[in-house]
Amino acid sequence: MEIPVVRNILEANDKIAVNLKELFAKHGILVLNLISSPGAGKTSILERTLTDLKDEFKMAVIEGDCQTDNDARRVAETGAKAVQINTDGGCHLDSNMITAALANFDMDNIDILFIENVGNLVCPVEFDCGEDFKIALLSVPEGDDKPEKYPALFEKSSAMILNKCDLLPYVQFDVERAKRFATQLNKDMPVFQTSCTTSEGLDTWYEWLRTAHAAKQK
């Protein structure tokens, strides 16, 4: 009896997401939906990206969190526009929330919009927020079996960031095993091995962003 209810919720969300995609396309905005478990480093990746590419792109962030605005305040310190959505305990953002948040932005003054979703490897995957791409972010302390245990995220994502790679000498994490699971689910998905501490791999992530943004302008 619950299945039709879930289907109706997702269908309603998808209709709003279609409108969002049309709006973003009209303004030429590349939209990326970052999904990971709590503490994987989404905010740190955003801080580095917003800082390192601020002379190339006009960037903004919609921050999703259950309660606090800690992450929004961190990314705002880079100079980027950040808008917080508190879900009051909800486990994901949806297209209706994104629509409401857009009232705070000048859409003609954004090249790339990041959505930092609520920390969760399951629920955010099902809800289209009007993004061009979902980005799966996994950190090495979490374990190399996450693509196997949470396949939907890796199937639906267009890129995977394997973060905190500076910790590889200190944790049991098989990089090739994690990459093998992920690419078995999504053979075309690039994997960026990054560290915000050492700057490892950030250049390849930035180059992917440049290519994706250029493609959005065509």
Regarding [X] and [Y], do their side chains bring together a donor and an acceptor under 3.5 Å, going by distance alone?
{"X": "Arg73", "Y": "Thr68", "value": "no"}
{"X": "Asn163", "Y": "Thr194", "value": "yes"}
{"X": "Asn117", "Y": "Asn33", "value": "yes"}

| message | What I want to find out is whether Asp128 reaches Lys21 closely enough, with some N-O distance under 4.0 Å, to be called a salt bridge. | response | yes
Calculate, to the nearest 0.5 Å, the distance between atoms [atom1] and [atom2] belonging to [X] and [Y] respectively.
{"X": "Glu131", "Y": "Leu32", "atom1": "CD", "atom2": "CG", "result": "9.0 Å"}
{"X": "Glu126", "Y": "Leu10", "atom1": "CD", "atom2": "CG", "result": "6.5 Å"}
{"X": "Ile98", "Y": "Leu113", "atom1": "CD1", "atom2": "CG", "result": "7.5 Å"}

| said: Atom CD of residue position Gln172 - does it have more than 12 heavy atoms of other residues, nucleotides or ligands inside 6.0 Å? | reply: no
| task | Apply the test side-chain contact (heavy atoms from CB on, under 4.5 Å) to residues His92 and Asn120: give CA-CA distance (whole Å), side-chain angles for both, the deciding distance (0.1 Å), then the verdict. | result | CA-CA 7 Å; His92 62 271; Asn120 185 335; 5.8 Å; no
| query | Does Asn186 use its side chain to pair, donor to acceptor, with the backbone of Ser157 at less than 3.5 Å? | reply | yes
| field | Counterpart residues, side chain to side chain donor-acceptor pair (under 3.5 Å), relative to Ser37 (two or more places apart) | value | Glu142
| said: Any heavy-atom pair between the side chains of Ile62 and Phe105 that's under 4.5 Å? | reply: yes
| said: Apply side-chain contact (heavy atoms from CB on, under 4.5 Å) to residues Val75 and Phe114 and explain how you reach the verdict. | reply: CA-CA 11 Å; Val75 300; Phe114 295 97; over 6 Å; no
